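So you know, we letter chains A, B, ... as the sequences are listed, proteins then strands, and number each from 1. These numbers were taken from a predicted model, which means no experiment stands behind them.
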Protein chains: 2
Amino acid sequence: MNETTRERILIAAAETFAETGFAGARIDEIAEKAGVNKAMLYYHVGSKEDLYTAVLTETFDRGLSSIRASVESAGTPAAKLQAILNTFAHFGSENPVFIPIVMREIASGGKHLPDEMVLRMASVFRLVGDTLRSGMEAGAFRRTDPLLTHVSLTGAMMFLIASHPVRQRVARIAGVDAGAHTPAELAAHVGNLFLHGLTITPAKAKKVKS
Amino acid sequence: MNETTRERILIAAAETFAETGFAGARIDEIAEKAGVNKAMLYYHVGSKEDLYTAVLTETFDRGLSSIRASVESAGTPAAKLQAILNTFAHFGSENPVFIPIVMREIASGGKHLPDEMVLRMASVFRLVGDTLRSGMEAGAFRRTDPLLTHVSLTGAMMFLIASHPVRQRVARIAGVDAGAHTPAELAAHVGNLFLHGLTITPAKAKKVKS
DNA sequence: GTCTATATACCGATAGAC
DNA sequence: GTCTATCGGTATATAGAC
């Protein structure tokens with residue numbers, strides 16, 4: 001089993017699927033990008049669907065272990081949450097495949113989402129959910145529905161990262177700046193927003209003025 | 001000009017584009033769903049791209065005017081923001097085409113997004129951005145990047161609405177409740193989250209305990 | 001394992017009769 | 001305005017030589 005060839009194919013496939021989606025992806029393009037013959041692609045991986053599933057699960061697994069590691073490296077619930085956001089933003093930016101694919105799957109109601117993938121998504125939620133719940137029980141976080149908050153967090157994060165090209169076009173028309181686009185800056189924005197909210201409370205207002 | 005035929009085609013196209021995306025959509029399927037001949041589709045609307053653009057802009061325009069109306073009906077910046085979220089959630093739920101299409105466009109970096117659509121997106125941002133800026137200037141909102149906050153808001157909202165089927169599967173695996181799914185409940189969750197954040201401040205903690 | 005050549009099917013778009 | 005028939009191009013997938 002030539003693992004290097006297979007990996008080259010998976011990387012090329014990931015890029016193409018991210019750019020055009022499953023239906024828009026062309027096997028010829030993936031093969032050319034991977035530097036292999038089209039027949040070799042079928043020999044090493046299989047059909048287009050097999051290729052898609054392989055890309056999905058392998059990418060998700062790498063992201064999952066990254067997030068797992070980052071959670072354990074932080075102390076307080078707030079720090080854990082920020083660590084998750086940082087890792088998520090970094091992973092999503094460095095693996096441009098991941099976010100577009102998830103967004104497309106959500107857009108189709110997860111119709112093509114195999115159980116193995118839902119299982120992995122549940123693992124991520126458990127990580128974030130536990131962080132949220134422990135923060136609530138410790139009196140650090142307000143009580144909100146963990147699953148809905150989790151989806152809100154990841155939704156905001158994914159949109160921020162993936163929207164960069166569109167954001168630039170919108171910004172030019174609206175006559176404003178396109179805003180930050182580095183993973184660190186985007187994660188900081190989401191963390192700031194979700195931890196403290198928009199409203200200026202008396203305590204915060206005092207803090208700002210001091 | 002038979003407006004009814006054209007509208008039937010646009011409705012069918014909207015459904016198909018939402019389900020499968022631009023590349024995945026089949027003209028034959030759209031024509032059959034609309035109950036018209038394929039040649040008629042080309043006669044009334046034009047090419048596949050023309051069809052896509054028409055669906056996009058007409059749907060977006062209806063949503064834009066809904067949001068415009070809701071903004072004007074509210075007083076304070078916070079109330080305006082909540083009104084936007086409510087309208088957005090309602091429109092997105094009642095037009096199941098809208099959110100999937102936008103999500104797919106963002107996922108592809110807006111490659112198929114015509115300038116007319118970016119223009120409309122900029123209009124929505126101007127509405128939300130002005131609300132945010134006026135809140136900041138009035139001392140009601142903390143200072144954040146308006147465009148990034150706008151994207152975070154819409155991203156969270158869209159993910160919450162569109163993720164419902166996937167959320168149910170994740171919830172079952174994680175052994176938790178799938179959470180709310182009515183537009184009003186989802187809008188309330190996002191509004192609560194973005195206005196007040198997760199962190200319990202001294203002032204809020206006092207409020208909760210009283 | 002690797003490549004060429006090709007089968008097979010599908011899809012977007014149109015010509016042309018009525 | 002409406003339909004049938006079909007063109008031309010392209011896509012996935014494979015057969016078969018080496």
Side-chain angles (χ1 to χ4, degrees), chain A residues 1-58 97 100-101 104-105 107-108 111-114, chain B residues 1-58 97 100-101 104-105 107-108 111-114 116-117:
Chain A
M1 218 188 292
N2 192 343
E3 199 63 21
T4 315
T5 302
R6 192 175 189 272
E7 275 185 357
R8 267 217 320 283
I9 293 172
L10 286 185
I11 290 170
E15 284 175 23
T16 307
F17 282 136
E19 280 168 18
T20 64
F22 179 81
R26 301 298 144 203
I27 295 286
D28 295 83
E29 193 189 324
I30 294 172
E32 193 193 7
K33 197 182 282 185
V36 301
N37 193 277
K38 186 166 58 165
M40 287 311 300
L41 189 150
Y42 282 94
Y43 177 81
H44 280 288
V45 186
S47 75
K48 192 180 178 182
E49 279 196 31
D50 294 338
L51 185 55
Y52 185 69
T53 304
V55 167
L56 234 69
T57 54
E58 297 194 11
V97 178
I101 289 181
R104 275 184 239 268
E105 284 298 338
S108 14
K111 230 185 322 190
H112 301 293
L113 212 57
Chain B
M1 218 188 290
N2 192 343
E3 199 63 21
T4 315
T5 302
R6 191 174 189 273
E7 276 186 357
R8 266 216 321 283
I9 294 172
L10 288 184
I11 290 168
E15 284 174 25
T16 307
F17 282 135
E19 280 168 18
T20 65
F22 179 81
R26 302 300 142 199
I27 295 286
D28 295 83
E29 193 189 324
I30 293 172
E32 192 193 8
K33 198 182 282 186
V36 303
N37 194 277
K38 185 165 60 166
M40 287 312 300
L41 189 150
Y42 283 93
Y43 177 80
H44 280 288
V45 186
S47 74
K48 190 180 179 181
E49 280 196 29
D50 294 338
L51 184 55
Y52 187 67
T53 303
V55 167
L56 242 66
T57 54
E58 297 194 10
V97 177
I101 289 181
R104 275 182 224 272
E105 279 301 334
S108 351
K111 223 179 351 181
H112 285 94
L113 213 58
E116 324 154 53
M117 270 299 291

Not counting sequence neighbours, which residues clear side-chain hydrogen bond (donor to acceptor under 3.5 Å, both in side chains) with [X]? List them please.
{"X": "B:Ser47", "answer": "B:Asp50"}
{"X": "B:Glu29", "answer": "none"}
{"X": "A:Tyr42", "answer": "none"}

| remark: The correct set of residues in residues 34-42 of chain B placing a heavy atom under 4.0 Å from DNA chain D is B:Asn37, B:Ala39, B:Met40
| query | Using a heavy-atom distance cut-off of less than 4.0 Å, which residues of residues 15-31 of chain B contact DNA chain D? | reply | none
| Picking from D:dG1, C:dG1, D:dA13, which would you name as closest to the side chain of A:Lys48? | D:dA13
| Could you state the interatomic distance from CZ (B:Phe22) to CG (B:Leu113), rounded to the nearest 0.5 Å? | 12.5 Å
Kindly list each side-chain donor-acceptor pair under 3.5 angstrom involving residues 9-19 of chain A, sequence neighbours excluded, with atom names and distances?
from: A:Thr16; atom 1: OG1; to: A:Ala12; atom 2: O; distance (Å): 3.0
from: A:Thr16; atom 1: OG1; to: A:Lys33; atom 2: NZ; distance (Å): 3.4

| task | Please step through side-chain contact (heavy atoms from CB on, under 4.5 Å) for the pair B:Met40 and B:Thr5, ending with a clear verdict. | result | CA-CA 9 Å; B:Met40 287 312 300; B:Thr5 302; 5.6 Å; no
Provide, to the nearest angstrom, the distance between the [atom1] atom belonging to [X] and the [atom2] atom belonging to [N].
{"X": "A:Tyr43", "N": "C:dT2", "atom1": "OH", "atom2": "P", "answer": "8 Å"}
{"X": "B:Glu32", "N": "C:dC11", "atom1": "CD", "atom2": "P", "answer": "12 Å"}
{"X": "B:Ile9", "N": "C:dG12", "atom1": "CD1", "atom2": "C1'", "answer": "15 Å"}

| query | What do the steps show when you test A:Val97 against A:Leu56 for side-chain contact (heavy atoms from CB on, under 4.5 Å), and what is the final call? | reply | CA-CA 9 Å; A:Val97 178; A:Leu56 234 69; over 6 Å; no
| message | One thing to verify: whether B:Glu58 and B:Arg6 come together as a salt bridge, which I'm taking to mean a side-chain N less than 4.0 angstrom from a carboxylate O. | response | yes
